[in-house]
Structures are given as structure tokens and as C-alpha cells.
Amino acid sequence: MSTEANKQTALALLRASAIHDGPAFENLMHPDATYWVIGKPHLFSYGGEQSRAQICAYMASPSIFPGGVKSTIGAITAEDDRVAVEVETEGTLPDGRVYTNVYHYLMWFKDGKVLRVKEYLDTQSAAEFF
């Protein structure tokens, strides 16, 4: 696949993630995919490695943010089988609290699908909010 096709697939995965569109998210993930989030799981419950089945099940569940989160895409860099994307998000909980954070995603591709995701975010901000 071309780096441009990989960038478009990366953006499609982030759009599906923002609204918890489980079928779309799953369709974009390679059968051997893994998903890692920065943070020690005993300190940050979302941290650590997840299998394709685990992350797809999570993305198929309803989002805690009604309507999903608004994602503002920043820089996108692609080389070989990798795409890096900077994202700022904002989501409003049913109680009116607004969650914001910044993310950096590094994705690897195989056969036109996402093979691996590494998600970096401000874990302290997320832990304090939740």
C-alpha cells in the first residue's frame, strides 16, 4: 500500500474510534493487530497491550461521550509501513464535564490494514479526570 493510502486508513481508524463505530474499526484492523496504550495498567486502567479482539470489543461498546469525541487532527507523517498522527480531542460527558487531551498515534500497516497501534496521551490528565 502507498503511504497516502496508509494515512487515509489511519484517519479512518481514528474517526471510527472517536464515535465507537465498532464494525468500521474492526474492518480496518489486520487479523494479527495489537493495540498498546502508554501507561502501567495498575496505575492507568487503559494502559498496556490489548489484542485485536479486546480493542475491537471495546470499540463496539457505547462511548461514554454521547455522540463521541471531537477530534482535531494535527501533523501526519508517513514513511514505509508507518503513520504518525497528532490529535487533540474533546468530549462531553452526560454530567456536562468536558474532557480534553492530546494524543500521538503511531500505526504500522500490513496488507492495507492497521497491524499495530501505539497510543500516547497525557495519562496524568486522563487519570485525574476519570
Side-chain angles (χ1 to χ4, degrees):
M1 295 298 293
S2 71
T3 55
E4 186 58 36
N6 289 345
K7 288 195 302 189
Q8 293 308 311
T9 300
L11 293 174
L13 187 80
L14 295 174
R15 283 191 301 272
S17 172
I19 60 170
H20 278 228
D21 182 342
F25 187 92
E26 185 171 1
N27 185 53
L28 295 164
M29 297 294 280
H30 188 275
D32 299 327
T34 59
Y35 197 107
W36 174 88
V37 178
I38 194 170
K40 297 177 180 176
H42 70 283
L43 299 174
F44 180 62
S45 63
Y46 296 103
E49 188 79 24
Q50 295 183 53
S51 68
R52 181 184 192 278
Q54 289 170 309
I55 192 64
C56 288
Y58 172 71
M59 288 300 170
S61 69
S63 174
I64 61 171
F65 301 103
V69 296
K70 176 186 171 200
S71 298
T72 303
I73 304 298
I76 303 172
T77 304
E79 182 177 297
D80 298 328
D81 65 344
R82 296 176 313 280
V83 175
V85 185
E86 295 178 333
V87 182
E88 293 184 28
T89 62
E90 179 180 299
T92 304
L93 291 173
D95 66 9
R97 291 185 300 140
V98 177
Y99 172 72
T100 60
N101 209 327
V102 293
Y103 294 80
H104 180 273
Y105 295 91
L106 180 57
M107 300 181 199
W108 285 261
F109 293 81
K110 183 177 179 181
D111 303 327
K113 305 269 186 174
V114 177
L115 177 65
R116 174 126 174 96
V117 177
K118 290 184 86 172
E119 177 183 313
Y120 300 87
L121 69 144
D122 181 346
T123 56
Q124 184 65 35
S125 177
E128 286 178 4
F129 184 84
F130 293 109

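Nothing here was measured: the structure is a model prediction, and the numbers come from that model.
Using a 4.5 Å heavy-atom cutoff, the side chains of Val114 and Thr9 are in contact. In this structure, the side chains of Glu86 and Val102 stay at 4.5 Å or more apart for every pair of heavy atoms. In this structure, the side chains of Val117 and Leu13 come closer than 4.5 Å at one or more pairs of heavy atoms. At a threshold of 4.5 Å between non-hydrogen side-chain atoms, the residues Glu90 and Val69 do not count as touching. Annotation: side chain of Thr100 is not in contact with side chain of Thr89 (no heavy-atom distance under 4.5 Å). Between Asn6 and Trp108 there is no side-chain heavy-atom pair separated by less than 4.5 Å. Under the 4.5 Å side-chain criterion, counting only non-hydrogen atoms from C-beta, Asp80 is not in contact with Thr3.
Annotation: Tyr99 is in aromatic contact with Phe130 [ring centroid separation under 6.0 Å]. A ring-centre distance under 6.0 Å is found for His20 and Tyr58.
Remark: the Tyr35 side chain and the Glu119 side chain contain an N/O donor-acceptor pair separated by less than 3.5 Å.
No donor-acceptor pair under 3.5 Å is formed between the side chain of Ser63 and the backbone N or O of Pro66.
Going from atom OG of Ser71 over to atom CG of Leu14 covers 7.0 Å, rounded to the nearest 0.5 Å. Note: Leu121 CG to His104 NE2 = 12.5 Å, rounded to the nearest 0.5 Å. Here CG of Leu106 is found 10.0 Å from CH2 of Trp36. Values are rounded to the nearest 0.5 Å. Interatomic distance, Met29 CE to Cys56 SG, rounded to the nearest 0.5 Å: 5.5 Å. Atom CG of Asp32 is separated from atom NZ of Lys113 by 12.5 Å, given to the nearest 0.5 angstrom. For the atom pair CE of Met107 and CG of Asp81, the computed distance is 13.0 Å after rounding to the nearest 0.5 Å.
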Using side-chain contact (heavy atoms from CB on, under 4.5 Å), reason through Ser17 and Met59 one step at a time and then give a plain yes or no. CA-CA 6 Å; Ser17 172; Met59 288 300 170; 3.2 Å; yes
What verdict does the side-chain contact (heavy atoms from CB on, under 4.5 Å) test give for Tyr105 and Val87, after you've listed the backbone C-alpha separation in whole Å, the side-chain angles of each residue and the deciding distance to 0.1 Å? CA-CA 8 Å; Tyr105 295 91; Val87 182; 3.9 Å; yes
Please walk me through it: do Phe25 and Ile55 pass side-chain contact (heavy atoms from CB on, under 4.5 Å)? CA-CA 9 Å; Phe25 187 92; Ile55 192 64; 3.9 Å; yes
Assess the residue pair Leu93 and Val98 against the criterion (side-chain contact (heavy atoms from CB on, under 4.5 Å)); give the C-alpha distance rounded to whole Å, side-chain angles, the decisive distance to 0.1 Å, and a yes or no. CA-CA 6 Å; Leu93 291 173; Val98 177; over 6 Å; no
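Here Lys70 does not pair with Glu88 in a salt bridge; the nearest charged N to carboxylate O distance is not below 4.0 Å. Using a 4.0 Å cut-off between a side-chain N of Lys or Arg and a carboxylate O of Asp or Glu, Arg97 and Asp95 qualify as a salt bridge.
Under the 4.5 Å side-chain heavy-atom criterion for grouping Ile, Leu, Val, Met, Phe, Trp and Tyr, Tyr103 is connected to Ile38 within one hydrophobic cluster.
The residue from Arg116, Arg52, Lys118 that alone fulfils the side chain to side chain donor-acceptor pair (under 3.5 Å) condition with Thr34 is Arg116.
Across all non-hydrogen atoms, the minimal contact from Pro41 to Gly47 is CG-O, 3.2 Å.
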